[in-house]
Protein chains: 2
Amino acid sequence: MGGATTREQIVEAADQLFYRQGYEHTSFAAIAQAVHISRGNFYYHFKSKDDILGAVIAARLDARRRMLKQWEAEEADPLGRIRRFVEIVVTNRADIQSYGCPVGTLTTELAKLEHPALDQAGGLFTLFRAWLREQFTRLGHETQADALAMHVLAFSQGVATLAHAFRDEDFIRREVQRMHHWLSRYAADPDSATGAVPDDTASANA
Amino acid sequence: MGGATTREQIVEAADQLFYRQGYEHTSFAAIAQAVHISRGNFYYHFKSKDDILGAVIAARLDARRRMLKQWEAEEADPLGRIRRFVEIVVTNRADIQSYGCPVGTLTTELAKLEHPALDQAGGLFTLFRAWLREQFTRLGHETQADALAMHVLAFSQGVATLAHAFRDEDFIRREVQRMHHWLSRYAADPDSATGAVPDDTASANA
DNA sequence: CATCGCGTAGGACGACTGTCCTAATACTCC
DNA sequence: GGAGTATTAGGACAGTCGTCCTACGCGATG
């Protein structure tokens, strides 16, 4: 913190504020107050608010990439790596309950604003999707790897959204257990686990 | 449409705009343009923007309640009713892919704004949660009914968020099939279905 | 026809927003 | 110490926001 560049401080403060208050709702004045610099001076470091957003997303992408690299280093087993991802909602339960998922909420907001940086923010989802897909591929589920990656992503988004809405920590832990259980089944025998739908599946519907 | 009150027209237009563009991002000017009335004249019908939001949420609650009532009338089987809920993400796939879930995105936005109407909007989640809980109770899963209701809610939120981010209709259908499959298993034998975690479950984690 | 009141139009208001400009400061190297 | 660059402060700008006010149109009632 002490040795951080002014630019880095701005990005970090903006990151936090965008996460907690949303992008549009966060004004330059609020960021300036957080970094203790004057409002007009932003334009020495960034040429617009969108520019700050771009830097924030880039920083988040960097941080996530580093996180995934570390998981890969600490966990050789692909299944263990996937479990690490599943555990995120527990690890970050405090922030998630207060502010939701940083990736999901930002993407949703930028979509509603029709903001040009939406694609860049979508890269955060794509990053996790590709990483999970690779882990499932290594597990031997090559053909379904992408669908499984999406399923795990959907799990985390669903849990984050509801944990945020109801501020329910027990719910998070229950759902994580459920997902761990499903992963165990799926790793042992893909066909036995719920969701390994045969190719027809006309409709189990009413 | 033709016979609708000006007030009703305002609420309907605001509902659509809040959904598509977000609450904060939607200005009075935008609503006025949609309803073809003058901007300043809003305050004859509503005393503030928050007041419009309150009316929009109330209208959404009404509509959802009517929808659930209709499901109950058309579908006597609790399992069939739950499947109807699961099918929402398919039925509304176009809007969901374009704008996300109306309940989830509104709740998330109001939370970030620290808006007083957040609790009111949370009532939309609570409505579905209680309704699903009752269906699971009738299915005989009384003790787990609330947890199961939350699980189904999380499913819908996760699917909506990702379908929105990736605009992927096939993903929606896959996940819906997966959920139908899980429901079939769970209804037949709760212990066999993934997620029926025993009470200890120290850690399936690595 | 006159009166009343509901509904509307359109502009004015202060407060904010992101942006830009200019003057002053801090720091570095000769 | 002085010159030059890097960084900052603070105000001015035009635009938009939610809000409020006043005057006008219009239909019903007497």
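In the text below, chain A, chain B and the rest are named by the order of the sequence lines, each starting its count at 1. Heavy atoms only: backbone and side chains are in, while hydrogens, waters and symmetry mates are out.
- The side chain to side chain contact (heavy atoms under 4.5 Å, CB included) test applied to A/Ile88 returns A/Met67, A/Trp71, A/Phe85, A/Asn92, not counting sequence neighbours.
- In the model, B/His180 has a side-chain atom that pairs as donor or acceptor with a side-chain atom of B/Glu87 under 3.5 Å.
- You can see that DNA chain C meets the heavy atoms of chain A within a 4.0 Å-exclusive cut from C/dT17 to C/dC21, reading 5' to 3'.
- When the salt bridge (charged side-chain N to carboxylate O under 4.0 Å, His left out) test is applied to A/Arg7, no partner is found at least two apart in sequence or on another chain.
- Taking A/Ala130 as the reference, A/Arg133 meet the side chain to side chain contact (heavy atoms under 4.5 Å, CB included) condition, with sequence neighbours excluded.
- Applying the side chain to side chain contact (heavy atoms under 4.5 Å, CB included) rule to B/Gln16 yields the partners B/Arg20; only residues at least two apart in sequence or on another chain are considered.
- Look at A/Thr6 and you won't find any side-chain N or O under 4.0 angstrom from OP1 or OP2 of D/dT7.
- Evaluation of the side chain to side chain donor-acceptor pair (under 3.5 Å) rule for A/Thr105 yields B/Lys112 as partners, not counting sequence neighbours.
- Partners of A/Asp15 according to the salt bridge (charged side-chain N to carboxylate O under 4.0 Å, His left out) rule, which considers only residues two or more places apart in sequence or in another chain, are A/Arg60.
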- Query: What string of B, S and - do you get for nucleotides 15-28 of chain D, 5' to 3', when a contact is any protein heavy atom under 4.0 Å?
  - Reply: --SSBBB-------
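- Legend: residues meeting salt bridge (charged side-chain N to carboxylate O under 4.0 Å, His left out) with A/Glu169, ordered by chain and number and at least two apart, are A/Arg93, A/Arg173.
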